[in-house]
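Some notes on the structure that comes next.
Just so it is clear, the structure is predicted and the values come from calculations on it, not from any experiment. By convention in this document, chain letters (A, B, ...) are assigned in the order of the sequence lines, proteins followed by strands, and residues within each chain are numbered from 1.
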Number of protein chains: 4
Amino acid sequence: MPVPPTASTAPAEERVREAALDLFAARGYHGTGIRQLAEHAGLSSASLYHYMGTKEDLLVAIMRTCLERLIADAEAVVTARADPEERLAELIRMHVRAHAERPRETRVVDGEVEVLGAAARAEVITLRDRYESIWQSVVEDVLTAIGAPAGEDARLARRALLEMCSGVARWYRPDGRSPLEDVADRYAVLGLRLVGVPHPSHPSH
Amino acid sequence: MPVPPTASTAPAEERVREAALDLFAARGYHGTGIRQLAEHAGLSSASLYHYMGTKEDLLVAIMRTCLERLIADAEAVVTARADPEERLAELIRMHVRAHAERPRETRVVDGEVEVLGAAARAEVITLRDRYESIWQSVVEDVLTAIGAPAGEDARLARRALLEMCSGVARWYRPDGRSPLEDVADRYAVLGLRLVGVPHPSHPSH
Amino acid sequence: MPVPPTASTAPAEERVREAALDLFAARGYHGTGIRQLAEHAGLSSASLYHYMGTKEDLLVAIMRTCLERLIADAEAVVTARADPEERLAELIRMHVRAHAERPRETRVVDGEVEVLGAAARAEVITLRDRYESIWQSVVEDVLTAIGAPAGEDARLARRALLEMCSGVARWYRPDGRSPLEDVADRYAVLGLRLVGVPHPSHPSH
Amino acid sequence: MPVPPTASTAPAEERVREAALDLFAARGYHGTGIRQLAEHAGLSSASLYHYMGTKEDLLVAIMRTCLERLIADAEAVVTARADPEERLAELIRMHVRAHAERPRETRVVDGEVEVLGAAARAEVITLRDRYESIWQSVVEDVLTAIGAPAGEDARLARRALLEMCSGVARWYRPDGRSPLEDVADRYAVLGLRLVGVPHPSHPSH
DNA sequence: TATGAATGAGATTTCATTCAT
DNA sequence: GATGAATGAAATCTCATTCAT
């Protein structure tokens, strides 16, 4: 629960963002006070408001940045690969990497959507839906490629895959036993098997 | 975001618990106020304290009940089945059912552990660890049975399985397209494939 | 500027209202803080919120009560008297009395309308318009009775009369030189002369 | 309530003054923030302090200018006219014109005296008293001229006259039905009748 | 001349909780 | 069993103002 302060020499605006990431991820949006945020960023709570709008704006900015990056990365994967299985494998690796390397951002995105007001929520959900729709079509392509039905099953599989991969943000530690690329590769294997690909061919990246 | 009140004729103690489930699940612990809780339960905020200790006690009670039931159910599964694959399949079905039928409880357990104080957190984490250790050994048994290595892979697979199945609490609706037992069966298939069982033999329950 | 505290033994709800009257009248709505209000009423600022909604609600309640009473009194005058000149004389006396006896309320009504939000402002302005329309028709009747044109002149006269009489709230002191009824009678004479009645017949009440 | 920005090409100092007039008149001194003032003047809030002392200084300057002009104009009227009735008629016209043409200034003078600190308040009240004493003696002269007692009655009449004429600032619109000079003339008639002059002789200017 | 950065103090309102009745 | 009254602490956010650049 105690979160060490950022207190670096980085520009204040960045420190505010870092503080928000640290604390929102660790204690949740409603569990984080403005004063904690300020202290963590090494500012007074009044000064905080030079670098942000409202507390909610700060949250939305974090979510938007994170989701936009996920979308861009997913689109890049789809562009770079043509083979359905390879696409899915690479999508899984990308998602796992994102959640292992930016666990704060992704945890905030995954866990704090419901605190947003109507307008902000709509925006964030639109982004999230765009990201998920990329997954959806990639999963459907794989199911079609291996001769499986791709209706309700594809939705189920997409959800299962996304949840399973997002979980990485909850436990991965960069100083842990498995290097990140190992974890990403293994998840790709698990994911392909899950959707029904019997012998995932090219697990390497 | 608007959560309809319980306002039933149930005994007050139960109404308090229901209110907490509704609101903690919908808005989070820190996002739920004592007065909202009281209003939702049809009591005054002072009366609330006849039926609970502190707000945190209420949260802990919800988590404890939920986790103890999961543990009991998991132990029952292990007792009832001997075959590793069948055990895992049944464990998955049980977990999916629990998350589909009691999404509020499981969401609270999954999402609010970090708000607990040290003592309560230790207790809850102990329970969670017990539950996960049951899964861990069942997964290991399956991997051993199919001739796969069961070290770090088993931990990875267990985490992937649990995350993927817990996600059901986020999207399952009792009035949706798939009946619950279908979803449970399908998840069992997905899960077995994930760990490497090629032709899940007895998907039915 | 220093306003002596109410601090009586009156019920808290009343003390809050009194405090608001004292301070809103003396320092204005925006010049009065919640903490000053609380201190003046002998409560903590948190306790204040047992007896009121928001600060604006408190203001609106004061305005509504004051305006509704003015309207009721004006309607009573119109009902009680038939002669136009007598009606106007009595209306003036009533208005002067109200502003002399309840200077805090009337000053708040006259000076703080623009701080209200849209909804509250609409309500208050509706009440104010009702009150002024009573005056308007009484003034028109007088002008007609004395053979004067009653168009734009009546509007001008009504405004002049109301402003002149409302000013009493700014200077009348109960311990001053003139008894209230004298002031009221004299204003009735001034007012009738203003609209053009040469020898106000029944200045007494 | 929304006040359109000044945003002109006028020199900054003037823009600051205009902004203060707009906002103090519309929202009151305490209802106007330094940042609103700055935005309205097209400056940053820090730059504002190049053109003013404190916020209160700005308010005092507005009040002083307005009152000094009223005093000068009133003295000019007294100098220019010898006949008591004509003096009063012209004084009324002047006051009405001032309030119709500079409603922001006069509203601020009339409504924000009590927010001033002791020193500033003393200065402003001294000016106001000087202005009112001019009126007082003119009214007394009229009463004496028409053979009426001029003691307490004169004070009452002066107050009634001033309030009634100041009210013009609250409703006069330059694009309204009556041209300003009409309004001024009519108020002169109303005012003379009010003090007891039966047939105001020279209503025109 | 002009402004970003900064802040201590204070704004209004809600927090979880207690207690006398 | 139930609640109105009460509150210290804290919530988010704005205040008027200063200062180095």
Side-chain angles (χ1 to χ4, degrees), chain A residues 11-13 15-16 29-38 41-59, chain B residues 11-13 15-16 29-39 41-59 115, chain C residues 11-13 15-16 29-38 41-59, chain D residues 11-13 15-16 29-39 41-59 115:
Chain A
E13 193 158 10
R15 266 155 42 212
V16 171
Y29 177 80
H30 282 310
T32 301
I34 286 285
R35 293 214 268 261
Q36 294 170 291
L37 229 30
L43 272 69
S44 77
S45 61
S47 301
L48 216 60
Y49 285 87
H50 258 282
Y51 302 100
M52 61 177 224
T54 65
K55 193 185 166 192
E56 191 187 19
D57 290 340
L58 194 54
L59 176 63
Chain B
E13 193 159 10
R15 266 159 36 215
V16 171
Y29 177 81
H30 282 309
T32 302
I34 286 283
R35 274 172 164 79
Q36 294 172 287
L37 231 29
E39 190 185 8
L43 271 69
S44 77
S45 62
S47 301
L48 219 59
Y49 284 86
H50 275 280
Y51 303 100
M52 63 177 221
T54 65
K55 191 185 167 193
E56 192 187 19
D57 291 339
L58 193 54
L59 176 63
V115 318
Chain C
E13 194 157 9
R15 265 155 43 213
V16 170
Y29 177 80
H30 283 310
T32 302
I34 285 286
R35 293 215 269 261
Q36 294 170 290
L37 229 31
L43 272 68
S44 77
S45 62
S47 301
L48 217 60
Y49 284 87
H50 258 282
Y51 303 100
M52 61 177 226
T54 65
K55 191 185 167 191
E56 191 188 18
D57 290 340
L58 194 52
L59 176 62
Chain D
E13 193 157 10
R15 267 160 36 216
V16 171
Y29 177 80
H30 282 310
T32 302
I34 285 283
R35 275 171 164 80
Q36 293 172 289
L37 232 29
E39 190 186 7
L43 271 68
S44 77
S45 61
S47 301
L48 219 58
Y49 283 86
H50 276 278
Y51 302 99
M52 63 177 219
T54 66
K55 191 185 166 193
E56 192 187 18
D57 291 339
L58 193 54
L59 176 62
V115 317

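At whole-Å resolution of the value, NE2 in B/H50 and P in E/dT18 are 12 Å apart. Counting to the nearest Å, the P atom of F/dT14 and the NZ atom of D/K55 are 15 Å from each other. Going from atom CG of B/D57 over to atom P of E/dT18 covers 11 Å, rounded to whole Å. If you measure from atom CG of A/L43 to atom P of F/dC13, you get 16 Å, rounded to the nearest angstrom. For C/L48 and F/dA5, the CG to C1' distance is 13 Å, given to the nearest whole Å. Between D/Y49 atom OH and F/dA20 atom C1' the separation is 17 Å, expressed in whole Å. With rounding to whole Å, A/H30 atom NE2 is found 10 Å from E/dC15 atom P. Here the P atom of nucleotide F/dA11 and the CG atom of A/L37 are 11 Å apart, to the nearest Å.
Heavy-atom nearest nucleotides on DNA chain E were determined for C/E56 and for A/S45, and the one closer to the 5' end corresponds to A/S45. Both D/Y29 and A/Y29 sit near DNA chain F, but only A/Y29 has its closest nucleotide nearer the 5' end. Mapped onto DNA chain E by nearest heavy atom, B/I34 and A/A12 fall at different nucleotides, with A/A12 at the one closer to the 5' end.
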Evaluate A/H30 against B/Y29 for side-chain contact (heavy atoms from CB on, under 4.5 Å), listing each step before the verdict. CA-CA 8 Å; A/H30 282 310; B/Y29 177 81; over 6 Å; no
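Listed candidates were E/dT13, E/dT3, F/dT7. Nearest to the side chain of C/S44 is F/dT7. The side chain of C/A46 sits closest to F/dT7 out of F/dT7, E/dG4, F/dG4.
Considering NE2 of D/H50 and CG of D/L43, their distance stands at 9.5 Å, rounded to 0.5 Å. Taking OG of C/S44 as the reference point, atom CZ of C/R35 lies at 11.5 Å (rounded to 0.5 Å). Of the inter-residue distances, the one linking D/M52 atom CE with D/L59 atom CG reads 11.0 Å to the nearest 0.5 angstrom.
Both distances falling under 3.5 Å, in either a Watson-Crick or a G-U wobble arrangement, place F/dT14 opposite E/dA9. Searching all strands for a Watson-Crick or G-U wobble partner of E/dA20 with both distances below 3.5 Å returns F/dT3.
The phosphate of E/dA16 has neither OP1 nor OP2 within less than 4.0 Å of any side-chain N or O from B/R35. The phosphate of E/dT1 (OP1 or OP2) has no side-chain N or O of D/S47 nearer than 4.0 angstrom.
Scanning all heavy atoms of the two residues, the minimum distance from C/L48 to C/I34 falls at CD2-O, 3.7 Å.
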